[in-house]
Amino acid sequence: QVQLVESGGGLVQPGGSLRLSCAASGSIRTIGIMGWYYQVPGTQRELVATITSGGTTNYADSVKGRFTISRDNAKNTVYLQMNSLKPEDTAVYYCNSVVNLRAYWGQGTQVTVSS
């Protein structure tokens, strides 16, 4: 019924930038907090950043000053601007959003940072 579709991942050199997008679609009545998480093989999925419906943001310490989360409520979309990328940022990035009072996950998009 509700799905989150991600885009924007890819291969980038260290120091480069990417912008991830995640758009919610379906029968949407409300959207609350939205966020981004990342996961590498063999590890637990971890928080990158969140943004509330009112625009309050929260970031993992590892990305503060480099990543920026934003949202466009008219488009039901959350973004993650990723700057100064490091090899350690390599992971599958998942968006998450509370839609109709239920949490949904995107399908994941691969981000690879390598020379």
Side-chain angles (χ1 to χ4, degrees):
Q1 187 70 5
V2 174
Q3 65 177 10
L4 306 181
V5 179
E6 304 179 26
S7 62
L11 174 65
V12 65
Q13 292 185 332
S17 298
L18 288 172
R19 189 182 73 162
L20 307 183
S21 299
C22 175
S25 63
S27 299
I28 299 171
R29 297 184 294 108
T30 63
I31 300 181
I33 194 167
M34 308 179 84
W36 290 94
Y37 299 74
Y38 77 124
Q39 187 171 27
V40 302
T43 71
Q44 190 173 28
R45 192 171 299 180
E46 297 183 355
L47 172 73
V48 176
T50 61
I51 182 167
T52 68
S53 60
T56 300
T57 59
N58 182 56
Y59 296 93
D61 288 341
S62 61
V63 307
K64 285 182 179 178
R66 299 189 298 122
F67 293 6
T68 302
I69 188 171
S70 62
R71 63 192 287 167
D72 186 336
N73 291 327
K75 298 182 184 297
N76 298 326
T77 299
V78 62
Y79 305 94
L80 185 68
Q81 179 66 47
M82 310 167 70
N83 297 328
S84 302
L85 282 161
K86 305 174 181 180
E88 308 93 89
D89 298 320
T90 296
V92 177
Y93 284 73
Y94 297 87
C95 66
N96 178 273
S97 180
V98 176
V99 181
N100 303 334
L101 307 183
R102 174 183 170 180
Y104 291 86
W105 289 100
Q107 82 280 7
T109 184
Q110 177 70 45
V111 172
T112 302
V113 184
S114 180
S115 299

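Below, each value reflects all heavy atoms present in this structure, side chains not excepted, and no hydrogens, waters or symmetry copies.
- Among residues two or more places apart in sequence or in another chain, the side chain to side chain donor-acceptor pair (under 3.5 Å) test is passed with T112 by Q110.
- Of the possible donor and acceptor atoms, none in the side chain of Q81 sits under 3.5 Å from a partner among the backbone N and O of T68.
- Both M82 and Y59 sit in one connected hydrophobic cluster of ILVMFWY residues. Membership requires side-chain heavy atoms under 4.5 Å apart, directly or through other members.
- Applying the disulfide bond (SG atoms under 2.5 Å apart) test to every pair with at least one member in residues 42-78, sequence neighbours left out, gives no pairs at all.
- Between A49 and L80 the shortest heavy-atom distance is CB-CD1, 4.5 Å.
- A salt bridge (charged side-chain N to carboxylate O under 4.0 Å, His left out) check over residues 51-72, counting only residues at least two apart or in different chains, returns the pairs D61-K64, R66-D89.
- Atom-to-atom distance recorded for N58:CG and T52:OG1 is 10.0 Å, nearest 0.5 angstrom.
- Identified under the disulfide bond (SG atoms under 2.5 Å apart) test for residues 29-71, with sequence neighbours left out: none.
- Between the side chain of Q107 and the backbone N or O of E6, at least one donor-acceptor pair lies under 3.5 Å.
- With rounding to the nearest 0.5 angstrom, the OG1 atom of T56 is 11.5 Å from the CD1 atom of I69.
- Of all heavy-atom pairs between V113 and T90, the closest is N-OG1, 2.9 Å.
- Between Y104 and S97, the closest side-chain pair of non-hydrogen atoms is not below 4.5 Å.
- Using a 4.5 Å cut-off on side-chain heavy atoms (C-beta onward), V78 and L4 make no contact.
- Among residues at least two apart or in separate chains, there is no disulfide bond (SG atoms under 2.5 Å apart) pair with a member in residues 47-91.
- Every pair passing ring pair (Phe, Tyr, Trp, His ring centres under 6.0 Å) that includes a residue from residues 18-37 is listed here, sequence neighbours excluded: Y37-W105.
- Expressed to the nearest 0.5 Å, how far OG1 of T57 lies from CD1 of I51 amounts to 6.5 Å.
- Applying the ring pair (Phe, Tyr, Trp, His ring centres under 6.0 Å) criterion to Y38, with sequence neighbours excluded, gives Y93.
- Residue pairs meeting the salt bridge (charged side-chain N to carboxylate O under 4.0 Å, His left out) criterion with at least one partner in residues 34-57, sequence neighbours excluded, are absent.
- In the hydrophobic cluster analysis, where Ile, Leu, Val, Met, Phe, Trp and Tyr join through side-chain heavy atoms closer than 4.5 angstrom, Y94 is grouped apart from V111.
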Determine all donor-acceptor pairs shorter than 3.5 Å in which one atom belongs to a side chain in residues 8-35; sequence neighbours excluded.
from, atom 1, to, atom 2, distance (Å)
S17, OG, N83, OD1, 2.9
S27, OG, Q1, NE2, 2.5

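- Summarising the hydrophobic clusters (Ile, Leu, Val, Met, Phe, Trp, Tyr; side-chain heavy atoms under 4.5 Å, direct or chained), the residues clustered with V5 are none.
- Other cluster members for L101: none, since no ILVMFWY side-chain heavy atom sits under 4.5 Å from it.
- Counting only residues at least two apart or on different chains, no disulfide bond (SG atoms under 2.5 Å apart) pair has a member in residues 32-64.
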